[in-house]
Undergrad: 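Starting off with a structure, shown below.
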Amino acid sequence: MSTSGPASAASREPAFREPGTCASVSHTSVFHALHHADGPLLLPNAWDVASAVALAGAGYAAIGTTSLGVAAAHGLPDGQGLAEVGDATLALARRLGERLPCPYTVDIEGGFGGGAERVAGLAAEVAAAGAAGINLEDGLPGGGGLQTPSRQAELIRAVKERVPGLFLNARIDTHWLVDAPPPLSVTLARAETYLAAGADGIFVPGVAADEDVSALVAAVPAPLNILFAPGRHTVSRLAELGVRRISTGSFLFRTALGATLAAAESVRTGQEPGGAAGAGYGVPGYAEVQRLAGEGTAGGGDRR
């Protein structure tokens, strides 16, 4: 079994190396093909240019964005459909288009408001920035339930008519942030509607049990995307079940916040920061972060 992720820890080069290059074909074609490769596409989700470039440099075949990370990094709440988050998302998409050597996909929540024409226009701007795909969710802003399947299909059709080559990952929120999800038949009915409208893939965050994942894989005639649940999933097991795309969602961003607090505490207490999760990666220096952010050969030194 192979996955579209980085090499093993024993063989990988040090973190923060210069990103590799992708094939000469368009990033959109590459991104579509990654969903049909020998193993699942392991898609880490970044929240800014530095995190995205670092992940690309670590050898990941494609990069996603996390709406929670982008929103929180700007001091804004996620999942509210805020125009400010939409602006930040589009700005990040444009910066990534200038920096990443591999395909990337952008989480645009539910489209940040407006009708089908407006959502299609946003998708077109994201594609023009260089993105190979988007996530478009059917959860309503603020946890207000789900969009009707017919209305969500209208949004999907509008996007695919405007930018047909863009990989549209239709996110179904039947199992997301709910205590009692409906039967899988409800999810599958939505998936059928969204695929008929032109969606390229189906994303069902919140599904964790093997039997549910297997049922979705068997019934959905398109690449299935699962949100990685630490402690519940492994890449190898999801690959065995037939999952084609594995997203980390906000996990990396939240882990970075935890590592920040741990490092600050180690300074306060005089103890070495513990944990093996980041073994072999270390803390990048000032000049290295400047490079990741795009300043090239910016002057060194431990400027703060």
Side-chain angles (χ1 to χ4, degrees), residues 3-9 12-17 19-20 31 34 40-79 85 88-89 92-93 95-96 99-109 131-135 137 169 171 176-177 203 205-206 208 225-236 238 243 245-264 273-284 288-289 291-293:
T3 59
S4 302
S8 67
R12 70 187 174 208
E13 298 175 23
F16 311 115
R17 66 182 183 274
F31 192 62
L34 286 170
L41 169 62
L42 178 55
L43 189 75
N45 296 87
W47 56 94
D48 60 10
V49 172
S51 58
V53 174
L55 288 165
Y60 288 90
I63 307 297
T65 68
T66 161
S67 64
L68 174 63
V70 173
H74 286 80
L76 298 165
D78 179 42
V85 178
T89 298
L92 176 58
R95 290 196 295 271
L96 293 182
R99 295 299 314 281
L100 290 183
C102 60
Y104 66 97
T105 181
V106 176
D107 185 346
I108 65 168
E109 296 189 16
I134 59 168
N135 276 4
E137 65 194 49
N169 202 35
R171 175 172 143 173
W176 185 240
L177 301 181
F203 181 25
N225 185 183
I226 292 294
L227 179 65
F228 183 82
R232 298 287 302 274
H233 293 149
T234 65
V235 170
S236 60
L238 290 174
V243 173
R245 172 167 156 175
I246 303 168
S247 299
T248 61
S250 65
F251 177 59
L252 302 184
F253 175 74
R254 292 181 287 109
T255 299
L257 288 180
T260 297
L261 293 172
Y281 286 90
V283 178
E288 180 57 33
V289 174
R291 185 189 67 78
L292 293 173

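What you see is a predicted model; the values in this text were computed from it and never measured. In what follows, residues are counted from 1 in the order of the sequence shown. Every heavy atom of this structure was used, including side-chain atoms; hydrogens, water molecules and symmetry mates were not.
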Undergrad: Would you mind reporting whether L42 and I246 have side-chain heavy atoms less than 4.5 Å apart?
TA: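 Contact flag for I246/L42 side chains = yes.
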Undergrad: Side chain to side chain contact (heavy atoms under 4.5 Å, CB included) between W176 and E137: does it pass, once the steps are laid out?
TA: CA-CA 11 Å; W176 185 240; E137 65 194 49; over 6 Å; no
Undergrad: Considering non-hydrogen atoms only, spot the tightest contact between L41 and F31 and give its length.
TA: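 Answer, listing the atom of L41 first, then F31: CD2-CE1, 3.9 Å.
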Undergrad: Classify the ring geometry between W47 and F253 as parallel (under 30°), tilted (30 to 60°) or perpendicular (over 60°).
TA: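 W47 and F253: perpendicular rings.
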Undergrad: Atom CG in L227, atom CZ in R232: separation rounded to 0.5 Å?
TA: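 Nearest 0.5 Å value for the CG-CZ distance: 12.0 Å.
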Undergrad: Run T65 and D107 through side-chain hydrogen bond (donor to acceptor under 3.5 Å, both in side chains) and show every step you take.
TA: CA-CA 6 Å; T65 68; D107 185 346; 5.8 Å; no
Undergrad: How about N45 and T66: does a side-chain donor come under 3.5 Å of a side-chain acceptor?
TA: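 No, T66 and N45 have no side-chain donor paired with an acceptor closer than 3.5 Å.
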Undergrad: Of all the heavy-atom pairs spanning I134 and I108, show the shortest one and how long it is.
TA: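 Answer, listing the atom of I134 first, then I108: CD1-CD1, 3.8 Å.
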Undergrad: Can you name the nearest heavy-atom pair linking Y104 to A131, along with the distance?
TA: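 Closest approach of Y104 to A131: OH-N, 3.2 Å.
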Undergrad: Locate the shortest heavy-atom distance separating P101 from A56; write the atom from each residue and the value.
TA: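 So the minimum-distance heavy-atom pair works out to CD-CB, 4.3 Å.
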Undergrad: Looking at residues at least two apart in the chain, or sitting in another chain, which of them share a side chain to side chain donor-acceptor pair (under 3.5 Å) with N225?
TA: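 Testing N225 for side chain to side chain donor-acceptor pair (under 3.5 Å), a comparison that skips the adjacent residues, returns N169, R245, S247.
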Undergrad: Identify the heavy atoms of P44 and L252 that sit nearest to each other, and give their distance.
TA: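 Between these two residues, the closest heavy atoms are CB-CD1, 3.8 Å.
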Undergrad: Working to the nearest 0.5 Å, report the span between CG of L96 and CD1 of I63.
TA: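 Reported value, rounded in 0.5 Å steps: 9.0 Å.
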Undergrad: For T105 and N135, which heavy atoms make the closest approach, and how far apart are they?
TA: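 For T105 and N135, the tightest heavy-atom pair comes out as OG1-N, 4.3 Å.
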Undergrad: Using a 3.5 Å distance criterion without hydrogens, assess whether the side chain of H233 forms a donor-acceptor pair with backbone atoms of A208.
TA: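 Flag set: sc H233 to bb A208 pair under 3.5 Å.
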Undergrad: Tell me every residue that passes side chain to side chain contact (heavy atoms under 4.5 Å, CB included) with D48, counting only those two or more places apart in sequence or in another chain.
TA: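 Here the qualifying residues are A50, S51.
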